[in-house]
Amino acid sequence: MTAMAEPISPTENQLAWQRLGLGVFAHFGVNTYFAKEWSDGSLPASSFNPVDFDADSLIRQVKSWGAKYFVLTAKHHDGFCLWPTQTTSYSVQSSPWREGTGDVVGEIAAACQRHGIGLGLYLSPWDRNSEHYSDEDAYNTFYLAQLLELCTQYGPLMELWFDGAGSEGRSYDWAAIASLIDEHQPDAMVFNMGRPTIRWVGNEDGLASDPVEYVVNHTKMSNYTVVTAEFSEALYLPPECDVSIRRGWFWRENDAPKSLEHLLGIYYRSVGLGAGLLLNVPPNDRGTFDPEDAARMVELRTALDQQFGSPLPAVLSRETEGVWVARFTQASLLDHLELSEGLNTGQRIHNHRVYADGVLIADGGTVGVKRLHVFPSRDVTEVRIEIDGDGASLEGVIGYNTGIDTAPTVPEDYRAPTEEPLD
Ligand code: FUL
């Protein structure tokens, strides 16, 4: 019998990114002014005029919501650039905003640095404005020039977001893209395409499902994923769950934020299942967060703080291979447990069960960076945790008395729009 291959380990950067949990996504551009999700590159640059844009205020709010990073659509599929690029005139430079002298990416980057928020940039490969798009070679050169500007002018990037929409059947120079990133932003997480280090969860509802696998094969990855051939079959690629607080990705007047219950449900089924959550809160046509969205984000933060603000850490000891005991300093009423796995040598736990006084109170597959369990409230002094997986270990167990003993739900019939459903 041949020995089982050792699991693939995360890099330090991947593990650090996985521990961030919540990021805020911001779709912003010419679409914001026309109630559009996708536009074809013909909307006038002159429409872009976010008169109240204040990056510092946006990023201060993002931070107060507990997000650790912020991903901005530097360029969406329409090709409009939120920075003064040398590559095209379809950008903020041709807009009336600050008489064409503004730089959304630059101001956001500076604010992120000031407030300790990681910066991510979305640069759509599909470009419906560029005159070069129909010529693969010319467009590769154009796209690399845009990426070079973003990777060299705005300080350290935490994430580069490559969206596959519109690019079915089209190839880009992923090898050159990967070397450019290696040279200028080696620490950035690369979302989904080229030589990715993190992957799409496979839906736009913000939902992972158990098990959440950190090591995946190409075959299991989404249609939107293109991985350069030089990579082996299996890669360590933790998932990021992207979802919008509203139905649309871009702001429009007649849209509304999801309920608090729905957002909490998303949180439990993304962060609570060991995946990342990138929650889109799109700035409006004045360049500020919609007051209703901002109020909902404050409610979400308040609810999470109320629930998880008083952690009761347990002392962990390993009884035998695969059996751990977590002891609390005193008997406490608990209704939630948060488990985390030792991941330095890769994801190893594939099943686990938690017992209190011989009663099974929680079970599941993945533990990963964070696994939340909710159960009917009970007095607990210690729990016994069985984990399945060669060489697997637990890193932490935290108890909570939240007063809530059922998981928040996501509406059954909810499906996020994937294409242009709102137009
Ligand atoms: C999709 C895009 O087509 C949407 O407009 C949005 O940017 C979403 C995050 O990804 O593929």
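Just so you know, these numbers use all the heavy atoms, side chains as well, and skip hydrogens, waters and symmetry mates. Order of appearance sets the numbers: ligands from 1, and atoms from 1 within every ligand. These figures come from a predicted structure and were not determined experimentally.
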Could you list which atoms of ligand 1 come closer than 4.0 Å to a heavy atom of [X]?
X: E204; value: 1 (C), 8 (C), 10 (O), 11 (O)
X: D242; value: 9 (C)
X: F25; value: 9 (C)
X: H27; value: 6 (C), 7 (O), 9 (C)
X: Y122; value: 2 (C), 7 (O)
X: A165; value: 3 (O), 11 (O)

Could you say whether the N/O atoms of W38 and ligand 1 ever approach to under 3.5 Å?
yes
Do H77 and ligand 1 have an N or O pair less than 3.5 Å apart?
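For ligand 1, there is an N or O atom that lies under 3.5 Å from one belonging to H77.
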Partners meeting side chain to side chain contact (heavy atoms under 4.5 Å, CB included) with L316 (sequence neighbours left out)
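Counting only residues at least two positions away or on another chain, L316 forms a side chain to side chain contact (heavy atoms under 4.5 Å, CB included) with W324, A326, L394, V397.
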Side chain, backbone, both or neither: which applies to N280 and ligand 1 if a contact is any heavy-atom pair less than 4.0 Å apart?
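Neither; no heavy atom under 4.0 Å.
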Would you call [X] and [Y] a salt bridge, using N to O less than 4.0 angstrom?
X: D335; Y: R378; answer: no
X: R371; Y: D210; answer: yes
X: R269; Y: D205; answer: no

Between F80, W161, Y122, which is the residue that forms a ring-ring contact (aromatic ring centres under 6.0 Å, His included) with H27?
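Only match with H27 under ring-ring contact (aromatic ring centres under 6.0 Å, His included): Y122.
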Among Q146, K75, H77, which residue meets the side-chain hydrogen bond (donor to acceptor under 3.5 Å, both in side chains) test with D127?
K75
Relative to atom 4 (C) of ligand 1, which among K36, H76, E37 owns the nearest non-hydrogen atom?
H76
Apply salt bridge (charged side-chain N to carboxylate O under 4.0 Å, His left out) to E131 and list each qualifying residue two or more places apart in sequence or on a separate chain.
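Testing E131 for salt bridge (charged side-chain N to carboxylate O under 4.0 Å, His left out), a comparison that skips the adjacent residues, returns none.
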